[in-house]
Amino acid sequence: MNAVTGEPKPATDVRCELAENPLWHEETHSIFWTDITAGKIFHLHAATRQCEMIYHGEPVGGFTFQENGELLLFRVTDLAHLTLDGKERPFRKYSDDGMIRFNDVIAAPDGGVFAGTIGKTKESGGLYRVEVDGSIRKLFSGTGCSNGMGFSPDLKVFYWTNSTTREIFQFDYDSETGSISHRRLFYRTTPDEGVPDGLTVDAEGWVWSARWGGASIVRHAKNGGVMERIKLPETNITSVCFGGENLNRFFITAARFDEKSPAVTALFELDVSIRGKREFRSRIG
């Protein structure tokens with residue numbers, strides 16, 4: 001049975017170059033996202049439809065919400081805190097050999113963060129773990145473009161996307177130590193279905209993966225099999241998250257075709273018959 005019966009529609013008339021990292025903020029009933037290449041962060045209030053840009057500066061590859069209500073920004077070579085009214089406070093510098101910038105990130109149950117990077121080559125870039133004290137350690141390298149991540153509802157499985165190889169992987173996740181192990185393939189896309197990008201996991205454990213170049217969101221069964229495809233009017237679909245009062249609405253981001261193409265509709269929304277999970281909050285610094 002399909003979880004989606006309606007059609008996706010634009011959530012706002014804001015247009016972006018590379019919209020990414022949609023994240024629902026329960027306290028303000030708003031959806032936040034970053035326009036990476038433009039160096040902007042927006043939020044849209046779900047009820048009033050008022051949209052505001054709260055940040056314009058260095059590109060933000062990804063961000064989390066902190067327990068204290070701020071945003072934790074992962075930029076090109078540093079991490080920074082950002083208040084909801086736009087006050088920025090740099091936190092710590094970080095760079096690694098072969099790293100262009102940070103990319104998708106996700107807060108873990110213990111308040112730490114898993115953070116991926118984009119490498120200068122297919123053999124550089126990696127996945128990192130940021131501890132609550134701000135220390136950063138590399139988990140593995142040679143990933144090219146590290147992308148979307150998620151946790152199973154029982155917190156026993158961690159999902160991670162390698163866009164360079166078109167693969168989504170599973171790991172065993174230890175919620176007590178925050179460690180991941182036993183990497184194995186979950187799904188590999190074919191060239192005609194696009195590149196796997198951002199992802200989210202719903203309350204029943206289905207994995208929803210955005211398809212860059214594939215104009216779609218794909219629902220995967222727990223064994224990786226394709227259960228459902230949602231077609232979108234833009235080609236490069238970058239990420240998806242659950243939002244709304246009951247976490248039963250999709251918010252989906254998109255990017256333009258290339259640097260010479262015009263900006264595209266940044267954000268789409270779609271009601272679904274399944275619920276998402278509340279995302280964890282980071283406690284860095």
Side-chain angles (χ1 to χ4, degrees), residues 9-14 16 19-36 39-57 60-75 79-91 102 104-115 130-132 134 148-151 153 155 175 198-204 208 238-253 266-272 274-285:
K9 60 182 181 180
T12 174
D13 58 4
V14 170
C16 289
E20 253 282 13
N21 201 138
L23 199 56
W24 177 254
H25 191 260
E26 292 90 348
E27 291 83 350
T28 61
H29 300 282
S30 300
I31 185 75
F32 288 68
W33 74 94
T34 175
D35 186 352
I36 298 178
K40 300 175 181 179
I41 294 177
F42 296 89
H43 81 86
L44 173 73
H45 191 273
T48 66
R49 294 292 149 169
Q50 180 178 353
C51 189
E52 181 183 2
M53 182 178 69
I54 64 167
Y55 169 90
H56 191 186
V60 176
F63 62 88
T64 62
F65 291 132
Q66 294 264 90
E67 278 192 350
N68 67 0
E70 295 181 338
L71 282 71
L72 179 65
L73 311 183
F74 288 75
R75 302 193 291 192
L79 281 64
H81 295 105
L82 181 74
T83 61
L84 294 182
D85 58 0
K87 293 183 176 65
E88 174 192 337
R89 187 175 72 257
F91 173 58
F102 282 105
D104 263 15
V105 302
I106 189 170
D110 62 358
V113 175
F114 288 95
V130 185
E131 305 296 346
V132 293
M149 294 168 273
F151 298 92
L155 300 182
S175 58
L199 67 75
T200 192
V201 183
D202 65 34
E204 296 185 17
W208 298 84
T238 59
S239 196
V240 56
C241 79
F242 283 93
E245 185 175 352
N246 298 312
L247 294 179
N248 61 350
R249 178 178 296 175
F250 271 150
F251 289 97
I252 302 165
T253 48
L267 188 70
F268 294 88
E269 62 183 333
L270 175 65
D271 289 332
V272 292
I274 199 167
R275 290 190 177 189
K277 305 183 283 83
R278 185 181 186 274
E279 294 294 335
F280 298 108
R281 298 291 176 94
S282 54
R283 293 188 288 109
I284 307 299

(request) Side-chain contact test, heavy atoms from C-beta onward, threshold under 4.5 Å: evaluate it for Asp110 versus Val132 and give yes or no. (result) no

(message) To check you understand the geometry: which heavy-atom pair defines the closest contact between Ala108 and Phe114, and what is its length?
(response) CB-CE1, 4.0 Å

(message) Determine whether a donor-acceptor pair (N or O, by modelled atom type, separation under 3.5 Å) exists between the side chain of Asn21 and the backbone of Thr34.
(response) no

(message) For Ile284, is there any backbone N or O sitting under 3.5 Å from a side-chain donor or acceptor partner on Gln66?
(response) yes

(message) Determine whether a donor-acceptor pair (N or O, by modelled atom type, separation under 3.5 Å) exists between the side chain of Arg49 and the backbone of Leu44.
(response) no

(message) Are the side chains of Thr238 and Trp33 in contact, using a 4.5 Å heavy-atom criterion?
(response) no

(message) Counting neighbours of CD on Glu52 that are heavy atoms of other residues, nucleotides or ligands and sit closer than 6.0 Å, is the number greater than 12?
(response) yes

(request) Using a cut-off of 6.0 Å, state whether more than 12 heavy atoms not belonging to Glu67 lie near its atom CD. (result) yes

(message) When you compare the side chain of Thr12 with that of Phe42, does any pair of heavy atoms fall below 4.5 Å?
(response) no

(message) Out of the candidates Leu23, Leu79, Val113, Leu82, only one should pair with Phe63 under the side-chain contact (heavy atoms from CB on, under 4.5 Å) rule; please name it.
(response) Leu23

(message) Once side chain to side chain contact (heavy atoms under 4.5 Å, CB included) is applied, do any residues pair with Asp202, and if so which ones, sequence neighbours excluded?
(response) Glu204, Trp206, Trp208, Phe242, Ile274

(request) Check whether any side-chain heavy atom of Arg249 sits under 4.5 Å from a side-chain heavy atom of Val272, and report yes or no. (result) no

(request) Drop me the distance from His56's NE2 to Ile41's CD1, to the nearest 0.5 angstrom. (result) 11.0 Å

(request) Answer yes or no: does atom CZ of Arg275 have more than 12 heavy-atom neighbours from other residues, nucleotides or ligands under 6.0 Å? (result) no

(message) To check you understand the geometry: which heavy-atom pair defines the closest contact between Pro153 and Ala203, and what is its length?
(response) CG-O, 3.5 Å

(message) Restricting to non-hydrogen atoms, name the atom on Val105 and the atom on Thr64 that form the minimum distance, rounded to 0.1 Å.
(response) CG2-CG2, 3.9 Å

(request) Can you see which heavy atom on Cys241 is nearest to which on Ile31, and at what distance? (result) SG-CD1, 3.4 Å

(request) Indicate yes or no: at least one non-hydrogen side-chain atom of Phe251 is less than 4.5 angstrom from one of Leu267. (result) yes

(message) Checking Phe65 against Glu70 for the side-chain contact (heavy atoms from CB on, under 4.5 Å) test, could you report, in this order, the C-alpha distance in whole Å, the side-chain angles of both residues, the deciding distance, and whether it holds?
(response) CA-CA 6 Å; Phe65 291 132; Glu70 295 181 338; over 6 Å; no

(message) With a 4.5 Å cut-off on side-chain heavy atoms, are Asp13 and Cys51 touching?
(response) no

(message) So, taking the atom named CZ in Arg89 and the one named CG in Leu72, what distance separates them when rounded to the nearest 0.5 Å?
(response) 10.0 Å

(request) Report yes if some heavy atom in the side chain of Lys277 is under 4.5 Å from a heavy atom in the side chain of Thr200; otherwise report no. (result) no

(request) Heavy atoms only: give me the nearest Ala115-Phe74 pair and the separation to one decimal. (result) CB-CE2, 3.8 Å

(request) Compare every heavy atom of Ala107 with every heavy atom of Ser282, then report the nearest pair and how far apart it is. (result) N-CB, 3.7 Å

(message) Any heavy-atom pair between the side chains of Leu73 and Tyr55 that's under 4.5 Å?
(response) yes

(request) Output, in order, the C-alpha distance, side-chain angles, deciding distance and verdict of side-chain contact (heavy atoms from CB on, under 4.5 Å) for Leu84 and His25. (result) CA-CA 11 Å; Leu84 294 182; His25 191 260; 3.9 Å; yes

